[in-house]
Amino acid sequence: MWAHSMTVQDYQDLIDRGWRRSGKYVYKPVMNQTCCPQYTIRCRPLQFQPSKSHKKVLKKMLKFLAKGEISKGNCEDEPMEPTAEDAVAGDFALINKLDIQCDLTVLSDDLRESLESEEKQKGKSSKREDANELIQSQDIEEKLGSGEPSRSVKVHTVPKPGKGADLSKPPCRKAKEIRKERKRLKLMQQNRAGELEGLQAQCEPLSSSPPKAKCNQPKSLEDLIFESLPENASHKLEVRLVPVSFEDPEFKSSFSQSFSLYVKYQMAIHQDPPDECGKTEFTRFLCSSPLEAETSPNGPDCGYGSFHQQYWLDGKIIAVGVIDILPHCVSSVYLYYDPDYSFLSLGVYSALREIAFTRHLHEKTSQLSYYYMGFYIHSCPKMKYKGQYRPSDLLCPETYVWVPIEQCLPSLENSKYCRFNQDSEAVDEGRSKEPDRLQVLYKKAIMPYGVYKKQQKDPRDEAAVLQYAALVGQACSERMLLFRN
């Protein structure tokens, strides 16, 4: 459907029923009929912990900013960015983002210390910063995720005696042993609280080293992103949040540079011909938005609506993340970047920045606590990468409740289309129950559908209106105006 104007709450409710937008065009896949079902996916940033692969990307950026270092071997170390051709046509949400695999497991508070003790025995404490320099957010105090990537990682062996080895420290454990340890921790978490204490003894660290202060726990995402740079840093990176509006002076003044970057990206990454990368296409796709900007006393300082997050490196834009800030989430729409800086893994880096940004907005606006990544397509290998940012949930296509992705994957292995809600009696609570209350805009007048249908005799029109009511749900059908002529 074409959305001329829409409140942020209406769009929030729509994406919670499987809708997405591209410009002012709002669309919803017919899940049980399409060849590649597209499930809405959201990440839970408050419990998110960066994996080793994520940290590698962030450290790569810091080295580049600090010393101008360009890491080698990125093609081998980092997965390739998915392209538009690998995704289903029309899925503009995060086509080229979040292409890092990780395996995060949320641990209970009781188990956290066991994992911390294990980490601290690896002889890495000397490399960590002083405790006073670590700032840990409250959500990390509550939950800790293991961040082991699912692909192979290089394990550093202990140096031989006489070559700088510190024999007072225990040797690094093999990756296989660490994976087994974390698997045991995961199984422990699933047990009842009453059994937890007894089972915890099985996961005691192998070494008898006394536990160290809690301040040595892993750095938060924010610590890694905003680590201080030397005064003589080689480069300066600044991220600016700009409202998508030609009335905004910052958006207007940077439009030309932003558009040029879009053309360069589309032609290099997606092989679009020049005539498909004009200003009209750019504006319609990434600058036009149906969302009405809103501010609220309890809302984020920037307000709600559509924005461009511009990544300025040494005075020029090298990437732009298109996002919507809604009552309960930050919704990622698209990312385009300068191909000359592909070595910085900007797709991954920007996703981590957007997760951190969501956490920042949550500090003032408590209900804003999710990061929507668009559609997850299990049957498309290049689109499954979104499922590796955990903890995350998939939207049940029949009852529109959120289900942890771990519970969904076994079903998706057997069938492309799945109902994730295990309660067979559950129904769509937001379904259209009273279509006559649906609001219609007809001949410049607003009226309930019950009044409008008395003036219409075309059965095709009634079928279309009832389909619309079923797709948007009762709440949106009563708030939004369906235009008829």
Side-chain angles (χ1 to χ4, degrees), residues 41-66 78 94 97-107 109 112 115-116 119 124 127-129 131-150 153 182 214-229 237-239 241 300 309 311 319 321 323 325 329-332 335 344-366 368-373 385-393:
I41 183 171
R42 72 179 186 185
C43 173
R44 284 177 260 147
L46 305 188
Q47 289 83 40
F48 176 80
Q49 268 285 295
S51 70
K52 292 178 181 177
S53 295
H54 297 144
K55 293 174 183 177
K56 180 179 178 182
V57 171
L58 296 175
K59 288 176 181 176
K60 180 167 58 177
M61 175 64 81
L62 287 171
K63 286 182 180 179
F64 173 72
L65 296 177
E78 300 296 335
L94 270 181
K97 303 182 68 173
L98 308 181
D99 52 347
I100 284 290
Q101 296 184 346
C102 63
D103 184 14
L104 295 182
T105 305
V106 178
L107 303 178
D109 289 340
R112 180 185 62 203
L115 183 57
E116 284 176 2
E119 294 289 341
K124 296 181 180 178
K127 298 180 182 179
R128 293 177 179 165
E129 292 188 6
N132 295 329
E133 296 176 0
L134 293 177
I135 303 173
Q136 301 297 336
S137 58
Q138 183 177 2
D139 53 90
I140 298 171
E141 287 288 320
E142 296 172 355
K143 293 188 180 179
L144 175 68
S146 69
E148 183 179 358
S150 56
V153 252
R182 288 189 170 128
K214 279 190 176 182
C215 57
N216 277 340
Q217 63 181 307
K219 289 184 179 181
S220 70
L221 177 61
E222 289 78 6
D223 291 332
L224 294 165
I225 290 175
F226 301 111
E227 189 169 314
S228 58
L229 295 170
L237 179 69
E238 180 186 1
V239 180
L241 185 70
Q309 270 196 328
Y311 294 74
I323 62 173
I325 300 178
C329 73
V330 170
S331 174
S332 188
L335 172 84
L344 289 174
S345 302
L346 291 171
V348 181
Y349 181 78
S350 65
L352 295 172
R353 290 290 300 241
E354 287 172 6
I355 290 174
F357 179 58
T358 306
R359 287 156 59 136
H360 170 72
L361 296 179
H362 171 78
E363 291 176 5
K364 181 183 178 184
T365 309
S366 58
L368 203 164
S369 54
Y370 296 101
Y371 177 57
Y372 283 49
M373 300 176 283
Y385 62 92
K386 298 178 185 181
Q388 302 302 328
Y389 269 59
R390 300 185 187 180
S392 57
D393 310 301

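Each residue takes its place number in the sequence, starting with 1. Remember, it's a predicted structure, so these values are computed and weren't measured experimentally.
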To the nearest 0.5 Å, what is the distance between CG on Leu65 and NZ on Lys60? 12.5 Å
Sidechain-backbone polar pair: His360 side chain, Phe357 backbone, donor-acceptor under 3.5 Å: no
Is it the case that the side chain of Arg359 and the backbone of Phe48 share a donor-acceptor pair, with hydrogens and angles ignored and the cut-off at 3.5 Å? yes
On a heavy-atom basis, which atom in Ile325 and which in Leu368 lie closest, and how many Å separate them? CG2-CD1, 3.9 Å
Partner residues of Lys63 under the salt bridge (Lys or Arg N to Asp or Glu O under 4.0 Å) criterion, sequence neighbours left out: none
Rounded to the nearest 0.5 Å, the CG atom of Leu344 sits from the OG atom of Ser350 at a distance of 11.5 Å
Can you name the closest pair of heavy atoms from Ser332 and Ile323 and give their distance? CA-CG2, 4.3 Å
Under the rule for side chain to side chain donor-acceptor pair (under 3.5 Å), what residues qualify as partners of Tyr349, not counting sequence neighbours? Arg353
Over 12 non-hydrogen atoms of neighbours within 6.0 angstrom of NZ in Lys364: yes
Search all heavy atoms of Leu335 against all heavy atoms of Gly347 and return the closest pair with its distance. CD2-CA, 3.7 Å
Separation between CD1 (Ile355) and OH (Tyr370), nearest 0.5 Å, reads 14.5 Å
Donor-acceptor contact below 3.5 Å, side chain Lys386 vs main chain Ile41: no
For Ser369 versus Thr358, what's the shortest heavy-atom pair and its separation? C-CG2, 4.3 Å
Taking atom CZ of Arg44 and atom OG of Ser392, what is their separation to the nearest 0.5 Å? 7.0 Å
Here the pair of heavy atoms bringing Lys219 nearest to Glu227 is NZ-OE1, 3.4 Å
Measure the CG-CG distance between Leu58 and Asp223 for me, rounded to the nearest 0.5 Å. 11.0 Å
Where do Gln47 and Pro391 come nearest, in terms of heavy atoms and distance? CB-CG, 3.6 Å
Can you confirm if the aromatic rings of His362 and Tyr371 lie within a centre distance of less than 6.0 Å? no
Evaluate the criterion side-chain contact (heavy atoms from CB on, under 4.5 Å) for residue pair Met373 and Cys43; output intermediate values, then yes/no. CA-CA 7 Å; Met373 300 176 283; Cys43 173; 3.8 Å; yes
Once you round to the nearest 0.5 Å, how far does CD1 of Ile225 lie from CE of Met61? 10.0 Å
